[in-house]
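Throughout, residue positions are numbered sequentially from 1 according to the sequence presented. What you are looking at is a predicted structure, and each value in this text was computed from that prediction instead of being measured.
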Amino acid sequence: MSLTTKHPYLRQDFAASLVVFLVALPLCVGVAVASGVPAELGLVTGIVGGIVTGLMRGSSLQVSGPAAGLTVLVFEAVREFGLPALGVIVLTTGILQIAMGVLKLGRYFRAISVSVVEGMLAGIGLVLIAGQLYAMADAKAPASGLDKIARLPGALLDALGRTDALASLGLGIGTIAVLVLWKRMPKRLRTVPGPLAAVGLATLVAAVLSMPVAMVEVKGLLDSVQPPSLSAFGELAGIGLLGTIVAFTLIASAESLFSAAAVDRLHDGPRTEYDKELVAQGAGNALCGMLGALPMTAVIVRSAANVQAGARTKASRVLHGVWLLLFAALLPGALGYIPIPALAGILVYSGAKLIPVREIVSLWREHRGEALILVVTAVSIVAVSMFEGVLIGLALAVAKTAWEASHLKMEVVDKGAGPVHAYLSGNATFLRLPKILDDLEALPQDRPVELDLSGLHHLDHACRTALENWAERHSAAGTEPVKVVTAA
């Protein structure tokens with residue numbers, strides 16, 4: 001039996017794997033540098049995402065690796081707890097993801113409000129753009145998200161007065177320009193992925209013009225891999241680290257499963273098995289943690305490139321991991337020629353794509369409550385932190401749902417003689433209690449009232465008690481007792 005007979009789509013998958021490799025290479029390096037870790041660790045996560053997660057069941061065409069969406073969180077974690085603790089965080093995140101997949105909790109991530117997820121990505125995008133603009137301007141970024149944005153104009157103005165910073169800024173802006181214009185290039189040129197073309201051109205320009213810009217530091221693959229020591233696991237006793245692990249787990253899982261849903265819409269092949277995909281992501285993150293590498297998620301840019309390049313089976317994503325491994329093993333020194341402002345430009349472009357401007361405008365026209373949740377989540381992430389921002393967004397989404405679920409309508413029929421009829425329909429909860437009492441107390445005090453509750457779907461204890469107290473007060477005014485009609 002020939003190889004093509006056993007694997008009928010090998011030619012398509014092989015070609016697609018090369019495209020995904022060329023897209024993934026600059027992104028893996030860029031995410032690592034922006035996260036404040038050695039560039040090689042981004043390649044390690046890409047290799048594990050391709051070969052290990054790629055071989056597992058879940059989503060057949062989705063590609064995993066280091067993601068721009070976790071860059072801000074990783075950077076904050078490394079700054080606060082140190083690089084040795086990163087392995088512990090990622091390993092524990094992977095174990096939690098495996099547990100959630102085994103317990104079949106993956107499907108429930110689809111219940112998370114889309115506005116919260118888009119707000120989370122928008123907040124990440126804003127912080128990512130601000131932070132990488134400092135890298136483009138050869139300046140040190142402040143720690144907090146608000147400071148990054150507030151001090152950015154001053155940093156850019158300072159850059160205009162320094163030759164090396166101006167060269168760095170120009171190279172970064174040029175990289176962004178190539179990415180923006182690449183879709184308009186001739187089809188033959190576009191066979192080269194935009195990110196690779198942008199970085200390649202920036203590297204060539206920097207070398208030819210001998211530009212005084214910062215380059216990627218190369219340590220070598222084996223020197224960069226630092227498994228967490230036993231002493232690093234002692235950090236798990238701290239509340240701060242545990243909160244970071246929860247944030248990693250929720251955000252990485254949500255991003256991966258939302259990406260899977262998006263990828264499923266791009267092809268007609270097998271649908272994603274969400275719980276198995278969560279186990280696969282967990283296994284990849286557990287291994288990345290043991291190697292001290294970056295966390296992984298499914299990445300929509302690489303996944304879309306995989307589908308659009310004609311991939312048919314999981315072989316394409318596994319092979320892309322093999323190509324990353326061969327590059328890291330045979331050509332690690334090539335990383336040292338890549339200018340940091342070029343990688344920063346790629347991440348500024350990626351961060352901009354995380355901000356759903358069109359969705360915000362559409363939501364504001366049709367569902368202003370959802371638009372408010374999205375904006376508040378994004379602003380909270382910038383102003384406070386990733387974890388707290390997501391929690392604020394989730395709390396706001398729950399509050400909005402509770403408010404909408406407590407929809408209540410009261411219809412009053414007064415024929416001028418006889419009792420006043422008041423019909424309540426919908427859901428009577430404590431959230432609507434002020435409105436209920438205001439409407440009831442506005443009824444004539446000198447007339448008998450018939451209160452019809454048969455149209456209520458739900459009547460909570462607080463409302464029931466309040467209605468009984470109102471009926472007693474109304475009856476005490478000398479009129480006939482309030483007659484209450486309930487559903488049979």
Non-hydrogen atoms of Val90 and Ala293 that approach each other most closely: CG2-O, 3.8 Å
For the student: nearest non-hydrogen atoms of Ile129 and Gly351, plus distance: CD1-C, 3.7 Å
Main-chain N/O of Arg312 paired with Ser316 side-chain donor or acceptor, under 3.5 Å: no
Check: Ala130 main-chain N/O paired with Lys148 side-chain donor or acceptor under 3.5 Å: no
Gln132 (side chain) donor-acceptor with Val348 (main chain) under 3.5 angstrom: no
Reported OG1-to-CE distance for the pair Thr45 and Met296, which is rounded to 0.5 angstrom: 6.0 Å
Pairwise distance SG(Cys463) to CG(Leu456) - rounded to 0.5 angstrom: 8.5 Å
Smallest separation among heavy atoms of Thr53 and Gly284, with atom names: OG1-CA, 3.5 Å
Nearest non-hydrogen partners of Tyr274 and Ala260, listed with the distance: CE2-CB, 4.4 Å
Thr297 side chain vs Ala252 backbone, donor-acceptor pair below 3.5 Å: no
Distance in Å, Lys104 NZ paired with Asp275 CG, rounded so as to fall on 0.5 Å steps: 5.5 Å
Heavy-atom donor-acceptor pair, Asp13 side chain to Thr313 backbone, under 3.5 Å: yes
Flag, side chain of Asn306 to backbone of Leu61, donor-acceptor distance under 3.5 Å: yes
pair Thr377-Leu396: side-chain heavy atoms closer than 4.5 Å: no
Donor-acceptor contact present, side-chain Trp323 to main-chain Leu22, <3.5 Å: no
Check against side-chain hydrogen bond (donor to acceptor under 3.5 Å, both in side chains), Gln62 and Thr272: CA-CA 9 Å; Gln62 182 162 253; Thr272 297; 5.7 Å; no
Intermediate values then yes/no, side chain to side chain contact (heavy atoms under 4.5 Å, CB included), Leu96 and Ile245: CA-CA 9 Å; Leu96 288 176; Ile245 290 170; 3.7 Å; yes
Minimum side-chain heavy-atom gap Ile355-Leu126 below 4.5 Å: yes
Exercise: identify the closest heavy-atom pair between Val127 and Val382: CG2-CG2, 3.9 Å
Interatomic distance, Ile251 atom CD1 to Ser256 atom OG [nearest 0.5 angstrom]: 11.5 Å
Closest approach of Leu41 to Ser224 (non-hydrogen atoms, all atoms of both residues): CD2-O, 3.4 Å
Lys400 side chain reached by Glu370 side chain, heavy atoms, under 4.5 Å: yes
Contact check, side chains of Leu291 and Gln226, non-hydrogen atoms, under 4.5 Å: no
Leu335 and Leu43, any side-chain heavy atoms less than 4.5 Å apart: yes
Sub-4.5 Å side-chain heavy-atom contact between Pro295 and Val74: yes
Carboxylate-amine/guanidinium proximity below 4.0 Å for Glu277 and Arg57: no
Qualifying residue, where the test is side chain to side chain contact (heavy atoms under 4.5 Å, CB included) with Val375 and the options are Leu372, Val379, Ile373: Val379
Atom CG of Leu331: over 12 foreign heavy atoms under 6.0 Å: yes
Test item: Asp264 side-chain N/O and Arg271 main-chain N/O as donor-acceptor pair under 3.5 Å: no
Whether Ser17 side chain and Phe14 backbone form a donor-acceptor pair below 3.5 Å: yes
Approximate separation, where rounding is to 0.5 Å, of Phe75 CZ and Leu86 CG: 13.0 Å
Residue pair Arg317, Val20: steps toward the side chain to side chain contact (heavy atoms under 4.5 Å, CB included) verdict: CA-CA 8 Å; Arg317 61 186 190 180; Val20 179; over 6 Å; no
Side chain proximity check, Leu91 to Phe233, heavy atoms < 4.5 angstrom: yes
Met136 vs Ile176, side chain to side chain contact (heavy atoms under 4.5 Å, CB included): CA-CA, chis, key distance, verdict: CA-CA 11 Å; Met136 281 173 51; Ile176 296 171; 4.0 Å; yes
Side-chain heavy atoms of Lys140 within contact of Tyr134, under 4.5 Å: no
Check against side chain to side chain contact (heavy atoms under 4.5 Å, CB included), Ser35 and Val78: CA-CA 8 Å; Ser35 300; Val78 172; over 6 Å; no
Reported NZ-to-NZ distance for the pair Lys409 and Lys435, which is rounded to 0.5 angstrom: 10.5 Å
